Visitor: 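Okay, handing you the structure first.
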Amino acid sequence: MRILLTGGAGFIGQHVLAELLRRGHAVRVLDSLRPDVHRGDARWTPPAGVELIVGDVRDRPQVDAALAGTDAVIHLAAKVGLGVDVGDLPDYASSNDAGTATLLAGMAAVGVGRLTLASSMVVYGEGVGLCPEHGAVRPAPRLEAALAVGEFEPPCPTCGRPLGTTLVDEDAPLDPRNAYASSKVAQEFYVANWARVTGGSAAMLRYHNVYGPGMPRDTPYAGVAAIFTSALRAGKPPRVFEDGRQRRDFIHVRDIAAATVAACERHEAGLVAFNVGSGTPRTVGEMAVALARALQGPEPVVTGQYRLGDVRHITADSTRLRDALGWRPMVGFEEGMAELAHADALGASPPRTP
Ligand code: UD1
């Protein structure tokens, strides 16, 4: 296929690009090389045979030029991360929501009807918890007063008992808790609107916590695995927030790339959301230990600090993706973390082609 890949110069984008090329697709990349991702270095050389348009998805003429002659779009271009504060809201709304809306309008105008969207597990907010008495419940946002005294587990909204964890499926209610999450929910709704009006097909991939070589480091938007790697490389211990027992599903970027290309190639009709996780949740504390071991660095420090926008546990059930597209994660946790520990940051070197 002839594929437009937005955000192809980014962390996930470079791995998706490598996978697309490996599978014989013709790829055009649209990427603005935004300074907060590329550290102000607006140079990026695409692999041979890949056309790069340096441009913004909010810029309709650039979008139209990028879409010309393509069969499908993979839309990764976005402002990522938790956000620093409320001052970030306009940039999330503009980069992610206005950008997606502009892209969809461009696709409708030229009749490109296949879309794969990078969404996120953060759309579920706190997800679903298991109460011994009330079964599966939706935890409310955690209160600062509770976090401040070290009560990190969200209680059952009915009886206040501590909740057990479970895997969320794609039918769980959407409940965004921060600026980035809100922008991802909005993107999904814009895509739903586009699909309904144009008859286009869209796979919306709700990625879990992506890590691996090329991961951005040393920016306010870096993920926890990159933050811990940077600390360890500087000889410092990873600083684990809360009590370290918060659970995430860390999924390797090559598995994410394979899922993304599988969705682009194989998802045929309608609008479908797919969780993309390894299926093996870990605690943030366990992840810190794995990286410290791989780098033979100091033991992690559990600080008890917290961030108000953080959810406590969020872990995916990716059965739908496995069943519908035949995708399987291939990179194990210990192996993947050991690779990350010794890998370069974004832009330092091209990712390894599988
Ligand atoms: C991450 C991604 C988000 C993605 C989501 C998918 C980032 C910044 N966020 O959100 O884009 O959509 O996964 O599920 O990549 N922590 C520490 N020490 C630190 C920093 C963080 O212990 O120095 C803890 C946090 O409190 C949190 C956990 O690590 O409990 C994960 O934080 P983070 O990497 O920012 O990711 P998510 O919020 O899970």
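Note that this is a predicted model, so its numbers are computed, not measured. Just so you know, ligand 1 is whichever comes first in the structure, and atom 1 is the first atom listed for that ligand.
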Visitor: Could you list which atoms of ligand 1 come closer than 4.0 Å to a heavy atom of His208?
Guide: 6 (C), 14 (O)
Visitor: Where on Lys184 is there a heavy atom closer than 4.0 Å to ligand 1, on the side chain, on the backbone, on both, or on neither?
Guide: neither
Visitor: Quiz question: by atom type and distance under 3.5 Å, do the side chains of Ser201 and His267 form a donor-acceptor pair?
Guide: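 Judged by distance alone, the side chains do not pair up.
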Visitor: Quick check on contacts: which atoms of ligand 1 are under 4.0 angstrom from a heavy atom of Met121?
Guide: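 Matching atoms, with element in brackets: 14 (O).
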Visitor: Near Val284, which atoms of ligand 1 are under 4.0 Å from a heavy atom of that residue?
Guide: 22 (O), 28 (C), 29 (O)
Visitor: Specify side chain, backbone, both or neither for Pro238, according to which of its non-hydrogen atoms lie closer than 4.0 Å to ligand 1.
Guide: neither
Visitor: Are any of the heavy atoms in Ala222 under 4.0 Å away from ligand 1?
Guide: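 Yes, that is the case, since the closest heavy atom of the residue is under 4.0 Å from the ligand.
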Visitor: Under 4.0 Å from a heavy atom of Gly223: which atoms of ligand 1 are those, numbered in the order shown and with their elements?
Guide: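 Every atom of ligand 1 under 4.0 Å from some heavy atom of Gly223: 7 (C), 8 (C), 15 (O), 34 (O).
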Visitor: Can you measure from CD1 (Ile74) to CG (Leu4) and round to the nearest 0.5 angstrom?
Guide: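 Going from the CD1 atom of Ile74 to the CG atom of Leu4 covers 9.0 Å.
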Visitor: Examine Tyr211 together with His252 and report whether their ring centres are nearer than 6.0 Å.
Guide: yes
Visitor: Work out which heavy atom in Val80 is nearest to a heavy atom in Tyr180; give both atom names and the distance.
Guide: CA-CE1, 3.6 Å
Visitor: Would you mind listing which atoms of ligand 1 come within a distance below 4.0 Å of any non-hydrogen atom of Arg239?
Guide: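 Within the 4.0 Å cut-off of Arg239, ligand 1 contributes 17 (C), 18 (N), 19 (C), 22 (O), 23 (O).
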Visitor: Out of Gly244, Ala231, Ser120, who is nearest to atom 12 (O) of ligand 1 when you count heavy atoms only?
Guide: Ser120
Visitor: State, without any angle test, whether Ser95 and Asp91 hold a side-chain donor-acceptor pair at a distance under 3.5 Å.
Guide: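 Yes, a side-chain donor-acceptor pair sits under 3.5 Å.
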Visitor: Below 4.0 Å from ligand 1: does a non-hydrogen atom of Val80 turn up there or not?
Guide: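 Flag not set, Val80 not near ligand 1.
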Visitor: Taking only heavy atoms of Val122, which atoms of ligand 1 are found under 4.0 Å from at least one of them?
Guide: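 Taking each heavy atom of Val122 in turn, ligand 1 has 5 (C), 12 (O) under 4.0 Å.
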Visitor: Can you find an N or O of Val224 that's nearer than 3.5 Å to an N or O of ligand 1?
Guide: yes
Visitor: Does any N or O of ligand 1 fall below 3.5 Å from an N or O anywhere on Ala225, backbone included?
Guide: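 No, no N or O pair falls under 3.5 Å.
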Visitor: Backbone, side chain, both or neither: what part of Tyr207 comes under 4.0 angstrom of ligand 1, heavy atoms only?
Guide: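 The answer is the backbone of Tyr207.
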Visitor: Is Cys159 close to His134 at the side-chain level, that is, under 4.5 Å between some pair of heavy atoms?
Guide: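 SC-SC contact between His134 and Cys159 confirmed.
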Visitor: Taking the side chain as everything from C-beta on, heavy atoms only, tell me whether Val57 gets closer than 4.5 Å to Thr102.
Guide: no
Visitor: Can you check whether Glu242 has an N/O within less than 3.5 Å of an N/O in ligand 1?
Guide: no
Visitor: Quick one: does Tyr306 get within less than 4.0 Å of ligand 1, heavy atoms only?
Guide: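 Contact absent.
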Visitor: Calculate, to the nearest 0.5 Å, the distance between atoms CG and CE belonging to Leu340 and Met215 respectively.
Guide: 6.5 Å
Visitor: Arg312 versus Arg245: any side-chain heavy-atom pair under 4.5 Å?
Guide: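 The answer is yes, as the side chains (C-beta and beyond) meet within the 4.5 Å cut-off.
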Visitor: Only heavy atoms of Val240, strictly under 4.0 Å: list the atoms of ligand 1 that pass.
Guide: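 Checking each atom against Val240, I get 22 (O).
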Visitor: With rounding to the nearest 0.5 angstrom, report the CD to CG distance, Glu242 to Leu147.
Guide: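 Interatomic distance, Glu242 CD to Leu147 CG, rounded to 0.5 Å: 6.5 Å.
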Visitor: For residues Gly277 and Trp327, report the shortest heavy-atom separation together with the two atoms involved.
Guide: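 Result for this residue pair: O-CH2, 3.4 Å.
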Visitor: Using a 4.0 Å cut-off to any heavy atom of Ile227, which atoms of ligand 1 qualify?
Guide: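 It comes down to these atoms of ligand 1: 20 (C), 23 (O).
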